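Keep in mind the model is a prediction, meaning the values are calculated, not measured.
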Amino acid sequence: MKRWLAAAVLGLSLCGVARAAIDTYQFADEAERQRYRELTKELRCPKCQNQDIADSNAPIAADLRREIFRMLGEGKSNQQIVDFMVDRYGDFVRYKPALTAKTWLLWFGPAALLLGGIGVMAVIVRKRRVPAGNGSADLSSEERERLAKLLDKEQNHD
């Protein structure tokens with residue numbers, strides 16, 4: 001009997017935790033609900049860092065969702081809401097930050113690193129490439145004589 005009672009208490013306590021993560025907002029119409037969904041998917045949770053605020057259970061994500069709902073109720077546009085969040089949390093809060101002087105490296109840095117790596121590989125391959133032919137064109141006459149002697153010794157030895 002004690003086990004059943006403990007299981008019931010545990011089950012009821014877990015139900016309260018599971019409910020806490022669900023936001024229940026009353027929207028004026030379906031368009032406002034859709035805007036809310038788009039905005040919460042577009043903005044990144046400052047704590048979770050790789051999760052949007054729609055899917056995050058962090059307290060700050062809940063605060064941001066509440067703030068978005070409030071601003072939607074005030075009639076603010078999506079751009080005004082995003083600008084407010086960027087002013088408050090920086091460009092990091094957006095999954096797709098705007099192309100500005102501050103974010104230039106973020107947008108083009110990976111491509112520049114890739115092109116730089118390809119350039120370095122091309123230089124290394126070019127330096128290691130052996131010239132066509134027998135390779136004796138770069139040897140002086142003394143080096144050619146020495147090479148010929150070494151090759152003769154090797155052929156006579158076998």
Could you check if a side-chain atom of [X] sits within less than 4.5 angstrom of a side-chain atom of [Y], using non-hydrogen atoms only?
| X | Y | result |
| --- | --- | --- |
| I124 | R128 | yes |
| W107 | T100 | no |
| Y25 | R33 | no |
| L43 | I68 | yes |
| P46 | L64 | yes |

Interatomic distance, I81 atom CD1 to K76 atom NZ [nearest 0.5 angstrom]:
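One finds 8.0 Å between CD1 of I81 and NZ of K76.
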
From SG (C48) to CG (N57), nearest 0.5 Å:
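Rounded to the nearest 0.5 Å, the SG-CG separation comes out at 8.0 Å.
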
Between E143 (side chain only) and S140 (backbone N and O only), is there a donor and an acceptor less than 3.5 Å apart?
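Side chain of E143 to backbone of S140, a donor-acceptor pair under 3.5 Å: yes, one is there.
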
Between Q79 (side chain) and D83 (backbone), is there a donor-acceptor pair under 3.5 Å?
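No, the answer is negative, given that no donor and acceptor are paired below the 3.5 Å cut-off.
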
With a sphere of 6.0 Å drawn around CD of E30, does it hold more than 12 non-hydrogen atoms of other residues, nucleotides or ligands?
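Counting neighbours around CD of E30, more than 12 heavy atoms of other residues, nucleotides or ligands fall under 6.0 Å, so yes.
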
If you measure from the Lys or Arg side-chain nitrogens to the Asp or Glu carboxylate oxygens, is any gap between R66 and D63 under 4.0 Å?
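Yes, R66 and D63 are salt-bridged.
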
Does a salt bridge link R70 with E74, judged by any charged N lying under 4.0 Å from a carboxylate O?
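Answer for the salt bridge query: yes.
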
Only one of R44, K41, R94, R37 clears salt bridge (charged side-chain N to carboxylate O under 4.0 Å, His left out) with D52; which?
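For D52, the salt bridge (charged side-chain N to carboxylate O under 4.0 Å, His left out) test succeeds with only one of R44, K41, R94, R37, which is K41.
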
Show the nearest heavy-atom pair for residues E32 and L72, with the distance to one decimal.
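Looking at all heavy atoms of both residues, the closest pair is OE1-O, 3.8 Å.
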
Any idea which heavy atoms bring D91 and V86 closest together, and the distance?
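In terms of heavy atoms, the two residues are closest at OD1-CG1, 3.4 Å.
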
Look at the aromatic rings of W104 and F108 and report parallel, tilted or perpendicular, splitting at 30° and 60°.
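Rings of W104 and F108: tilted, as their planes differ by 30° to 60°.
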
State yes or no: do [X] and [Y] share one hydrophobic cluster built from I, L, V, M, F, W and Y residues joined by side-chain heavy-atom distances below 4.5 Å, directly or via other members?
| X | Y | answer |
| --- | --- | --- |
| I53 | F84 | yes |
| L39 | F27 | yes |
| F92 | L99 | no |

